[in-house]
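Residue numbers begin at 1 in each chain, while the letters A, B, ... track the order of the sequences.
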There are 2 protein chains.
Amino acid sequence: MNNPLIQDLIDRYVNVSFQVHKKAESLIKAELGNDLTNDQHYVLSYIRKASGCTSTELADAFDVNKSAITAIISRMADRGLIERTRDVNDRRVVYLTLTGAGEELFRACQEKVHQLVESIITKFDETEITTFINTYEKLAQILDNKKKDELGE
Amino acid sequence: MNNPLIQDLIDRYVNVSFQVHKKAESLIKAELGNDLTNDQHYVLSYIRKASGCTSTELADAFDVNKSAITAIISRMADRGLIERTRDVNDRRVVYLTLTGAGEELFRACQEKVHQLVESIITKFDETEITTFINTYEKLAQILDNKKKDELGE
DNA sequence: TGATATTAGTTTAATCATTGAACTATTCAC
DNA sequence: GTGAATAGTTCAATGATTAAACTAATATCA
């Protein structure tokens with residue numbers, strides 16, 4: 001297609017998503033300091049919500065190789081933030097949970113991240129931000145389907 | 001603040017931005033294949049628009065240490081994608097430009113990325129996507145100011 | 001003018017993230 | 001009960017990142 005309007009939207013989207021992504025990561029990283037990398041923060045966040053999840057599930061959610069997850073989990077397990085427990089019935093499976101220390105560190109980091117996000121989104125009026133997040137969530141859904149389509153083919 | 005509505009928006013935003021970011025990176029990565037990493041694609045894209053820019057400028061735009069840029073540029077210069085030219089008047093400064101090969105590779109990759117983005121944004125109606133991008137751009141601006149504020153303090 | 005600051009960029013050592021391939025151990029299927 | 005599939009790990013290689021020390025060039029200003 002050669003609709004110039006669409007081309008312009010694509011350009012703007014590619015540009016802005018790249019910029020926001022870089023800057024947001026950087027601001028979050030500043031909040032996390034030396035306690036957690038951004039990836040580790042994501043992983044803690046995921047396990048906290050889905051306590052007892054598996055590496056395979058994480059690899060799916062994060063769209064990475066299972067060995068990448070093994071590496072991240074190992075680093076955090078070494079620091080006593082995450083615990084691995086083998087399933088008694090299917091001994092191939094390993095369940096992931098936060099330790100007390102993991103929970104505590106996550107809460108402290110999440111507090112900072114929420115304050116950061118709050119300081120940002122309160123610069124929008126409520127309708128604007130709600131509309132934005134709605135579309136954003138729709139986009140997440142579309143990307144998810146896109147992924148599944150590709151695997152299905 | 002304890003406004004539960006805001007808290008909900010923050011939760012939704014943190015979640016969705018994380019998801020979209022992961023999935024989008026992954027889809028773009030699939031398009032780029034073994035030709036370029038996502039970061040390298042960003043760098044080519046930047047230099048193409050700002051031909052003759054410096055490492056310092058890139059480090060600013062990408063919010064990373066200058067040595068990170070040196071490393072990325074070096075890898076791509078080794079592959080003949082980017083050229084470094086010293087300023088004649090201020091011999092500390094190095095200007096970055098794409099080589100012919102860099103230009104060509106970028107165009108091929110950009111073509112694929114644009115097709116991907118087009119297949120996604122055409123699932124929204126035009127008003128929706130325009131509104132979304134407008135807010136997104138406003139967000140980019142706010143993040144940028146936030147960054148400058150922090151440096152200023 | 002000349003000593004000192006600053007600036008642009010690189011190098012180095014260390015760490016984290018990622019992949020693909022080979023591997024272990026377990027369970028499933030027939 | 002043998003062969004295929006599954007969950008997870010290990011290993012080797014590569015890329016990205018940082019902080020600190022460094023080189024080389026330019027700016028400052030006494």
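Put simply, NE2 on A:H41 is 17 Å from C1' on C:dC16, counting in whole angstrom units. What separates NZ of A:K66 from P of D:dT6 is a distance of 9 Å, to the nearest Å. Nucleotide D:dG15 holds its P atom 16 Å from the CD1 atom of B:I69, rounded to whole Å. Note: CD (A:E57) to C1' (D:dG8) measures 15 Å, nearest angstrom. Distance, A:E25 CD to D:dT18 C1': 16 Å, rounded to whole Å. In this structure, CD1 of A:I73 is placed 9 Å from P of D:dT9, rounded to the nearest angstrom. Following rounding to the nearest Å, B:N65 (CG) and C:dA8 (C1') show an atom-to-atom distance of 13 Å. Atom pair A:R92:CZ and D:dA4:P shows a separation of 16 Å (rounding to whole Å applied).
In this structure C:dA29 sits in a base pair with D:dT2, meeting the Watson-Crick or G-U test at under 3.5 Å. A 3.5 Å limit on both hydrogen-bonding distances identifies D:dA13 as the Watson-Crick or G-U partner of C:dT18.
Among the heavy atoms of the strands, none lies under 4.0 Å from B:N38. Among the atoms of the strands shown, none is found under 4.0 Å from any heavy atom of A:S74. Base contact: A:T70 has a heavy atom under 4.0 Å from a base atom. In this structure, B:N34 reaches neither bases nor backbone, as no heavy-atom distance under 4.0 Å exists between it and the strands shown.
Each of A:D60, A:D144, A:D39 was evaluated against B:K22; a single residue qualifies, A:D39, per the salt bridge (charged side-chain N to carboxylate O under 4.0 Å, His left out) test. Each of A:F124, A:F18, A:F132 was checked for a ring-ring contact (aromatic ring centres under 6.0 Å, His included) with B:Y136, and the lone residue meeting it is A:F132.
Listed candidates were D:dA7, C:dT18, D:dT17. Nearest to the side chain of A:A71 is C:dT18. Residue A:Q40 has its side chain nearest to C:dC16 when only C:dC16, D:dG15, C:dT10 are considered.
For CD of A:E126, the number of neighbouring non-hydrogen atoms (other residues, nucleotides, ligands) closer than 6.0 Å is 12 at most. The number of heavy-atom neighbours closer than 6.0 Å to CZ of A:R84, taken from other residues, nucleotides and ligands shown, is above 12.
Contact annotation: side chain of A:R91 to base of C:dT26, donor-acceptor pair absent below 3.5 Å. Taking 3.5 Å as the limit, the base of C:dG9 and the side chain of B:T56 contain no donor-acceptor pair of atoms between them.
In terms of phosphate contacts, A:R84 brings a side-chain nitrogen or oxygen within less than 4.0 Å of OP1 or OP2 of D:dT9. Proximity of A:K29 to the phosphate of D:dT18: a side-chain N or O atom is located under 4.0 Å from OP1 or OP2. Taking 4.0 angstrom as the limit, B:S55 places none of its side-chain polar atoms (N or O) nearer than this to OP1 or OP2 of C:dA8.
Along DNA chain C, the nucleotide nearest A:D90 and the nucleotide nearest B:V94 are compared for position; the residue whose nucleotide lies closer to the 5' end is B:V94. Take the nearest nucleotide of DNA chain C for B:R86 and for A:D87: the residue whose nucleotide is more 5' is B:R86.
Between B:R107 and B:E111, none of the side-chain N atoms (NZ, or NE/NH1/NH2) sits under 4.0 Å from a carboxylate O, so this pair counts as no salt bridge.
Shown here, C:dA5 is classed syn by the O4'-C1'-N9-C4 or O4'-C1'-N1-C2 angle, which is within 90° of 0.
Residues B:V14 and A:L32 fall within the same hydrophobic cluster, defined by Ile, Leu, Val, Met, Phe, Trp and Tyr side chains chained together at heavy-atom separations under 4.5 Å.
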